[in-house]
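To keep things clear, I will list the structure first and then write my remarks on it.
When reading the values below, keep in mind they use all heavy atoms of this one structure, side chains included, and skip hydrogens, waters and symmetry mates.
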Amino acid sequence: MKPKVIAYKKIYPEVLAYLQEACEVMHLEEWNEEGRSAFDAALGGAEGLIGTGLKIDHELLERAPKLKIVSNIAVGYDNFDLGAMSRHRVMATNTPDVLTDTVADTMMGLILAAARRIPEMDQLVKSGRWTSPLTSAQFGTDVHHKTLGIVGMGRIGSAIAKRAHLGFDMNILYHNRSRNVEVERRYQATYCTLDELCRQADFVCVMVPLTEETTNLIGEKEFQAMKKTAIFINGSRGATVDEKALVKALREGEILAAGLDVFAKEPVDHDHPLLGMPNVVTLPHIGSATEETRFRMAQFAAENLVAGLQGKRPPALLNEEVYLNS
């Protein structure tokens, strides 16, 4: 008998077909009240879950006694209570690597858009307000040969450093839990404290996972330490930044501009003060949002799931102890 799996949110037809070869799949494409009710009814018999963003905690795990594995179609896993999953002997997986280059491209796009005021100037042209030569009040700032500070030098941070250093001759500073010798060798990156990075960088880019330690990692103190010409970029999770402190820093001229792909609440409220600031570039969490990458993520997540259900080690296992003690 095939193991029972619940696939929540959109799954590509090819990936769904792959799952159906190995599993009995209940696919809930619409995560509405009806879909949630069907999920709750099927959870007790499910051996696997695959999707994005569902909070996996002790309460859910108590209702899923047969569950063996949860496969996140994402690199982030702040929706997982890994401690609870390990205690319940449930494997947790994610999809690293396949989205690294795509997210790094997006972050370089945010850096360029915020520095050269591209969305703002686009609206100037489209609204018919470009009726005379630009004045210095409408000028942007250079990116090349500037200093980029990257907070979180993992796979994506390293890919951003590669683009910035090799493509734009930028100097790289970074702050991380540990030294990344490879990025220092390849891109002449300099390891420093968070305070030093904030003080020296022309661009501060946050790429850390969301944990208790990184929640509100960037706040009033950090913004006050930054240059008044600094541009802040966040492509990690919205909660890594104190948004009230960011609004204050922008309003009071403590920093020049910001480029944001993430917010503390998503979708962001339409009346959020950041949305009314012309010096803030806002994106709807599109870091990995290309058809090619999202397909590869879904396929990788499916491979994780099937491997775990077949008694094999999933390629991207987060809680190794569950597999080793199985």
Side-chain angles (χ1 to χ4, degrees), residues 76 100 103-104 106-115 141-250 252-262 264 279-281 287:
T100 296
V103 177
T106 304
M107 294 307 103
M108 286 307 303
L110 266 179
I111 289 170
L112 289 165
T141 186
D142 282 333
V143 172
H144 59 84
H145 295 97
K146 294 292 182 67
T147 296
L148 171 62
I150 302 174
V151 183
M153 191 56 81
R155 295 180 182 91
I156 298 173
S158 298
I160 296 169
K162 175 184 178 180
R163 286 156 173 74
H165 183 69
L166 300 182
F168 292 87
D169 292 310
M170 298 184 83
N171 302 311
I172 307 298
L173 302 176
Y174 78 99
H175 178 70
N176 203 46
R177 288 180 298 180
S178 57
R179 296 276 292 271
N180 188 326
V181 178
E182 186 68 11
V183 84
E184 292 178 15
R185 182 183 66 83
R186 288 190 173 191
Y187 315 125
Q188 288 75 60
T190 300
Y191 180 79
C192 61
T193 66
L194 180 58
D195 182 69
E196 290 171 330
L197 184 149
C198 290
R199 292 184 185 282
Q200 297 179 39
D202 299 301
F203 297 84
V204 176
C205 181
V206 178
M207 295 306 306
V208 295
L210 180 61
T211 65
E212 288 185 10
E213 291 75 21
T214 62
T215 298
N216 287 336
L217 179 67
I218 307 297
E220 189 169 355
K221 174 187 172 185
E222 288 70 31
F223 287 121
Q224 288 176 349
M226 293 179 197
K227 299 177 181 180
K228 291 187 179 297
T229 54
I231 294 177
F232 177 73
I233 305 293
N234 190 8
S236 56
R237 288 291 188 269
T240 61
V241 179
D242 181 339
E243 285 187 349
K244 290 182 179 178
L246 174 58
V247 169
K248 176 178 176 290
L250 289 160
E252 297 183 3
E254 293 174 356
I255 62 173
L256 180 64
L260 309 172
D261 189 36
V262 291
N279 57 336
V280 180
V281 180

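- In this structure, the side chain of Thr193 engages the main chain of Glu196 through a donor-acceptor pair within 3.5 Å.
- Every residue meeting the side chain to side chain donor-acceptor pair (under 3.5 Å) condition with Gln188, not counting sequence neighbours, appears here in chain and number order: His165.
- Residues forming a side-chain contact (heavy atoms from CB on, under 4.5 Å) with Ala164 (at least two apart in sequence, or on another chain): Met108, Leu148, Met170, Ile172.
- Contacts classified as ring-ring contact (aromatic ring centres under 6.0 Å, His included) and involving residues 191-210 (residues at least two apart or in different chains) are given here: Tyr174-Tyr191.
- Take Asp169 and apply the side-chain contact (heavy atoms from CB on, under 4.5 Å) test, not counting sequence neighbours, and it matches His145.
- At distances below 3.5 Å, not a single donor-acceptor pair connects side-chain atoms of Thr214 with backbone N or O atoms of Thr240.
- Applying the side-chain contact (heavy atoms from CB on, under 4.5 Å) rule to Lys227 yields the partners Asp202, Thr229, Ala230; only residues at least two apart in sequence or on another chain are considered.
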Without placing hydrogens or testing angles, list every side-chain donor-acceptor pair under 3.5 Å for residues 218-225, not counting sequence neighbours.
from	atom 1	to	atom 2	distance (Å)
Glu220	OE2	Gln224	NE2	3.3
Glu220	OE2	Lys248	NZ	3.4
Glu222	OE1	Gly219	N	2.8

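- Counting non-hydrogen atoms of other residues, nucleotides and ligands closer than 6.0 Å to CZ of Arg163 gives a total above 12.
- In this structure, Leu260 and Leu246 have side chains that are in contact, with non-hydrogen atoms separated by less than 4.5 Å.
- Put simply, the side chain of His175 gets close to the backbone of Cys192: a donor and an acceptor are under 3.5 Å apart.
- The backbone N or O of Leu173 sits nowhere less than 3.5 Å from a side-chain atom of Asn171 that would complete a donor-acceptor pair.
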